[in-house]
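Scope of the values below: all heavy atoms of this structure, side chains included, with no hydrogens, waters or symmetry mates.
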Amino acid sequence: MLDRRVLMNLRGLLTPDPARTWVVDRIPDAALALEEGRVAWLGRAADLPAAWAEAPRVDGGGAWASPGFVDPHTHLLFGGDRSGEFNRRLQGASYQEIASGGGGIRETVRATRLATVEELVASGAPRLWAFRERGVVHLECKTGYGLDLEAESRLAAAYAELKRRGWSLDVTLLPAHDLAPEFGGDAEANTRAVAEVWLPELVRRHPGLARFCDVFVETGVFSVDQGRRIFEAGRRLGLSPRVHADELSWTGGAELAAELGAASADHLMFCSEAGMRAMAAAAVVPVLLPGTTLFLGMRDWAPARKLIEAGCQVALATDFNPGSCPCTDPLTILRLGCLQLRMTFEEAFAAMTLHAARSLGHGDLGHLHPGARAEVLLWDVDEPLELVYWVGEPFRPRFMPNGITERLKPQMTQVAAEEK
Ligand code: NIG
Ligand code: FE
């Protein structure tokens with residue numbers, strides 16, 4: 001027997017249209033027909049095809065339905081936190097000053113190297129629950145706070161365990177997140193270690209786990225040429241590039257992403273116009289991270305409007321990490337997308353659903369058209385724009401059964417038992 005259900009009693013349904021880049025469908029009095037955990041039909045309830053007349057009903061409770069959010073850029077796993085550094089920044093120190101004094105990413109690396117796989121998993125799980133209760137159903141997660149083979153391997157093992165527990169994740173290897181302290185600033189030697197030893201060994205130890213690799217291409221970290229060599233090594237191992245590009249200064253990261261046909265170029269606060277045109281031509285997804293610009297107290301918001309006008313399918317993400325954006329909230333990112341990046345509500349919504357999913361190669365996430373995975377959020381609002389308009393309101397979606405909630409049921413039982 002096929003599992004068929006119809007989600008009824010919806011005030012409306014909001015979904016990007018995968019066939020039309022920036023179009024977001026808004027269907028009042030909607031219904032959604034689901035078969036085997038996938039969308040089979042969407043439309044007005046009054047138009048439900050007769051073939052669905054007998055299928056079991058699920059009551060939407062008068063909510064607005066939307067696809068779950070996808071977060072295409074997080075640094076989910078790390079040890080420690082950086083609240084001390086945050087306080088120093090509040091007193092005037094800059095992010096770069098702290099980093100060049102051995103703090104910043106390096107501070108997190110010291111804490112992460114002390115963590116066991118079990119400790120990393122134990123700290124990651126509540127972060128994933130925090131994302132989930134805010135409506136994020138799939139995340140990209142990076143290694144990168146190990147900066148040596150063994151610690152990077154423990155991060156990969158922890159991601160493998162979280163995936164085994166049912167979390168929907170894509171793993172990106174980022175052993176080139178910063179210059180490792182052992183190389184004493186020798187970026188060339190560090191590049192060779194990453195390209196020739198660490199990436200091949202991480203893929204050998206964790207076969208089939210990672211789909212992407214990433215490099216922090218930045219002044220004082222890895223150059224464009226060093227990034228290119230690391231990405232080419234990753235490609236030979238089956239990893240497609242995602243680039244930390246033009247985040248704190250212009251280095252040509254966007255141009256490199258275009259040259260490599262990368263899956264994404266991320267940050268882009270200092271992206272050049274030539275880089276924008278090159279990314280559009282190469283279909284690289286620019287992933288914008290306005291939470292980071294906010295948290296670093298910068299004024300250089302990524303050029304979302306210019307990227308859209310250049311023809312790019314812009315995505316939004318949190319950049320969740322302990323130093324530049326400790327934020328698990330997709331609505332905060334949507335609000336910054338609208339208010340600081342000057343995106344319309346529909347553009348920001350498509351950017352954190354459809355385009356985010358596409359940057360990860362998932363055509364069946366981020367929308368609710370036929371074939372999509374039934375990752376459905378139910379929002380108790382009169383009008384979806386309220387999610388952005390009530391700017392400090394901590395809206396939480398309800399989840400349509402049969403999606404992520406079902407997959408995580410064993411864990412939920414365990415959590416409930418531990419709470420008793
Ligand atoms: O995306 N740019 C590199 N990585 C992070 C920051 C990491 C940190 O500060 O711990 C980012 O902003
Ligand atoms: Fe990042």
Side-chain angles (χ1 to χ4, degrees), residues 71 73-82 85 99 102-131 138-183 189-216 221-222 230 233-234 237-239 242 244 318-326 328 408 411 414:
D71 192 337
H73 183 137
T74 79
H75 304 253
L76 183 83
L77 293 181
F78 51 83
D81 74 50
R82 301 245 289 283
E85 161 186 320
I105 294 176
R106 299 271 190 98
E107 181 179 336
T108 302
V109 168
R110 285 190 287 277
T112 306
R113 285 181 175 183
L114 296 174
T116 63
V117 174
E118 293 69 30
E119 286 165 343
L120 292 168
V121 170
S123 64
R127 294 174 194 156
L128 286 167
W129 285 105
F131 275 107
H138 181 84
L139 301 87
E140 182 261 12
C141 300
K142 301 174 196 294
T143 69
Y145 288 110
L147 299 191
D148 68 21
L149 179 57
E150 296 309 324
E152 286 290 306
S153 186
R154 285 195 292 278
L155 287 161
Y159 283 128
E161 171 59 18
L162 289 165
K163 276 173 73 99
R164 197 192 60 74
R165 293 185 182 191
W167 293 103
S168 186
L169 311 176
D170 282 311
V171 178
T172 297
L173 299 177
L174 176 55
H177 191 192
D178 199 353
L179 300 177
E182 288 74 14
F183 289 95
N190 201 152
T191 299
R192 285 195 299 276
V194 173
E196 293 166 20
V197 184
W198 299 356
L199 283 179
E201 183 60 12
L202 288 168
V203 169
R204 192 190 68 76
R205 289 189 195 179
H206 306 280
L209 176 68
R211 296 184 52 221
F212 302 99
C213 70
D214 194 342
V215 178
F216 189 16
V221 191
F222 292 97
I230 293 171
L237 296 162
L239 306 172
R242 308 183 80 80
H244 271 76
T318 60
D319 195 20
F320 174 74
N321 75 74
S324 71
C325 193
T328 56
L408 296 168
Q411 283 191 66
Q414 196 187 332

Can you check whether [Y]'s main-chain N or O pairs, donor with acceptor, with [X]'s side chain at less than 3.5 Å?
X      : Y      : value
Thr143 : Leu173 : no
Arg106 : Leu179 : yes
Asn190 : Ala180 : yes
Arg82  : Glu107 : no
Arg113 : Glu150 : no
Tyr159 : Ala210 : no
Glu140 : Asp71  : no

Distance-only polar pair, side chains of [X] and [Y], donor-acceptor under 3.5 Å:
X      : Y      : answer
Asp214 : His177 : no
His73  : His244 : yes
Arg205 : Ser153 : yes

Original post:
Does some side-chain heavy atom of Trp167 sit less than 4.5 Å from a side-chain heavy atom of Cys141?
Top reply: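 Counting from C-beta outward, Cys141 and Trp167 never come under 4.5 Å.
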Original post:
Less than 4.5 Å apart, any side-chain heavy atom of Ile105 and any of Phe216?
Top reply: yes
Subject >> Electrostatic pair Arg165-Glu161, nearest N-O below 4.0 angstrom >> reply: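 Result for this pair is yes, salt bridge flagged.
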To the nearest 0.5 Å, what is the distance between [atom1] ([X]) and [atom2] ([Y])?
X      : Y      : atom1 : atom2 : result
His75  : Leu155 : NE2   : CG    : 12.0 Å
Tyr145 : Leu77  : OH    : CG    : 11.0 Å
Phe78  : Thr112 : CZ    : OG1   : 8.0 Å
Leu128 : Ser168 : CG    : OG    : 10.5 Å

**OP:** Can you spot which of Val215, Leu199, Ile230 makes a side chain to side chain contact (heavy atoms under 4.5 Å, CB included) with Pro175?
**Re:**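 Result: among Val215, Leu199, Ile230, Leu199 is the only option passing the side chain to side chain contact (heavy atoms under 4.5 Å, CB included) with Pro175.
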**OP:** Of all the heavy-atom pairs spanning Leu147 and Glu152, show the shortest one and how long it is.
**Re:**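 Residues Leu147 and Glu152, closest heavy atoms: N-OE2, 3.1 Å.
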Original post:
Where is the tightest heavy-atom contact between Thr328 and Ala130, given as atom of each residue plus distance?
Top reply: OG1-CB, 3.9 Å
Original post:
Can the positive tip of Arg192 be found less than 6.0 Å from the middle of the six-membered ring of Phe183, inside 45° of the ring normal?
Top reply: no
**OP:** Have a look at Asp170 and tell me which of Arg211, Lys142, Arg242 forms a side-chain hydrogen bond (donor to acceptor under 3.5 Å, both in side chains) with it.
**Re:** Arg211
